[in-house]
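Single-structure report; data block below.
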Amino acid sequence: MRTALKLFAAVVTVVVLAVGSFAAYVAWSFAQASVDTIGEVDFDRPLAIPPLAASTVDAQGVRTFDLSMQAGESDLGRGAPTPTWGFNGSFLGPTLRATRGEQVRVNVANRLDETSTVHWHGMHLPAAMDGGPHQPIAPGARWSPHWQVDQPAATLWYHPHPHGETAKHVYRGLAGMFIVDDEREIALPKVYGVDDIPVLVQDKAFDGSKLDDTHGLFQSAGILGDTVLVNGTPGPFLDVTTERVRLRVLNGSNARVYRFHFDDNRAYAVVATDGGLLPAPVEARELLLSPGERAEIVVDVRPGDRTVLRSTPPFIESNRFTGDKDRLDILELRGASTLRPSPALPATLAPAPDLADDTVGATRQISLGGSNTNFGKMDLERVDVVSRLDTTEAWDVTNSDGQVHNFHIHDLQFQVIRYAGGPPPAVLAGWKDTILIAPNESVELRMRFTDFADAESPYMFHCHLLRHEDQGLMGQFVVARPGEQVGTIQVPDPVDHAAKPKVSNMHGDYAY
Ligand code: C2O
Ligand code: CU
């Protein structure tokens, strides 16, 4: 009897201790999960400006860039060098720049010891040139995609997209901007590095001087860091020498959603989003950007001004571990004592997207949840959606779980028709390729498939929280010609009215 009691007591003790330490671990995780750097950042380093990539133009007018993916060490403010990856350097990459109508070629050399890819995020181009998981570049190999730039002026970017490894490769430092210009003369600040500034924002966690790419037990979103780098600079300041400065803000973070605003709550003008200029400037005091999204903002600066770009909550209800309690100081703008004049903001900027009145060729329901879409986990061998060349489609995309997701599609820019049950806010009135979707919300998007029919080469759509993407929250679509057969999916031929083709499958119904 006594031994039984003793045994019972021992078991109880073990259970109590186990439960207690688990509770302590949960409490500790919560404490760790909230970051506050407001007022803590020294802003003692000038913001690095990624160089414009050199290029050559041959007799045929093809503009050629060279990118080398390489490992190195960087000074990320840790007192000792941080092992990192970069393009043509040890961290991040140069800014590529080309004008609408130009033929471009990029010679990419992989000098890493892992297979990677380079994807042109936001670019309208053939699937075989897209740099997704179907275009791997082995260590030591080269890949030379080429295409004609054919889209409005925009701030795009490039980053690796290897199957299941994207988070790691981007996190180590492989990312850069690709600025597309067009012929339209528009009165916005436009001198690169002077009044037109790339602002590539990434949060990093460190383990000593090393980048820490492990993540807490509850950080289902992936890596969240307590140090924000802008263009690779920790604690950056920017000396502003003009009355207005245009910031091309790119959220190049793995998982973090930012709510950008200034410490003095000043208003600024949002002039462009992912796919280019908005119809008109939108006055804003705050702006949400999820991973992969871009916005160009124009900020008025006074002589001698000091203002800090910050990100603070609250924004969306979700769990604490997506960083939505975090308060971060990001970049200080410092106005010079005399400022050169800047152009007044134009009242209108670009034609608005025009898909709302198109005939809809197919309506698709896409849901994002856990680590897969409604088609299942990403499978390189499975095509989930076949879109017919020269049609406009409506995609209803739903975030079906309690976590933050966003939605990104390759090759094209979409128009937001409805956002979370209502008309889109003014900042979502332009062309977009990536959109934040709050837990249990839906968005209705419209896109037109105008080019590059290729039944053999899929493009991707996915959540751009990179851990989710790597885990399988990604699907594939191809653009095919009417009448083409892609796997089990027959693309209807709209000319053949007698047959009234209606392909019904889990991928959505076609009806004409
Ligand atoms: Cu920015 Cu499929 O990626
Ligand atoms: Cu996600």
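Excluded from the calculations below are hydrogen atoms, water molecules and symmetry mates; all remaining heavy atoms, backbone and side chain alike, are included. Both counts, for ligands and for their atoms, begin at 1 and track the order of listing.
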| task | Taking both backbone and side-chain atoms into account, decide whether His119 has an N/O/S atom under 2.8 Å from atom 2 (Cu) of ligand 1. | result |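 No.
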| field | atom 2 (Cu) of ligand 1 to nearest N/O/S of His462 below 2.8 Å | value |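 So His462 counts as coordinating atom 2 (Cu) of ligand 1, yes.
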| task | Determine, using ring centers only, whether His119 and His410 are less than 6.0 Å apart. | result | yes
| query | Do Tyr158 and Phe87 have ring centroids that are under 6.0 Å from one another? | reply |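 Between Phe87 and Tyr158, the centre distance is under 6.0 Å.
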| Have Ser220 and Gln403 got a donor and an acceptor in their side chains that come within less than 3.5 Å? |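 Indeed, the side chains of Ser220 and Gln403 share at least one donor-acceptor pair under 3.5 Å.
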| task | Answer with yes or no whether the side chains of Glu293 and Asn251 bring together a donor and an acceptor at under 3.5 Å. | result | no
| message | Please evaluate residues Glu114 and Lys168 with respect to the criterion salt bridge (Lys or Arg N to Asp or Glu O under 4.0 Å), reporting the C-alpha separation (whole Å), side-chain torsions for both, the decisive distance (0.1 Å), and the verdict. | response | CA-CA 11 Å; Glu114 291 182 35; Lys168 191 169 78 181; 3.4 Å; yes
| field | Identity of the N, O or S atom of His468 lying closest to the Cu ion (ligand 2) | value |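 So the atom name we want here is ND1.
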| Of all N, O or S atoms in His405, which has the smallest distance to the Cu ion (ligand 2)? |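 The nearest such atom is ND1.
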| request: Work out the angle at atom 1 (Cu) of ligand 1 between ND1 of His121 and NE2 of His464, rounded to 10°. | output: 100°
| said: Tell me whether atom 1 (Cu) of ligand 1 has His161 as a neighbour, meaning an N, O or S atom of it below 2.8 Å. | reply: no
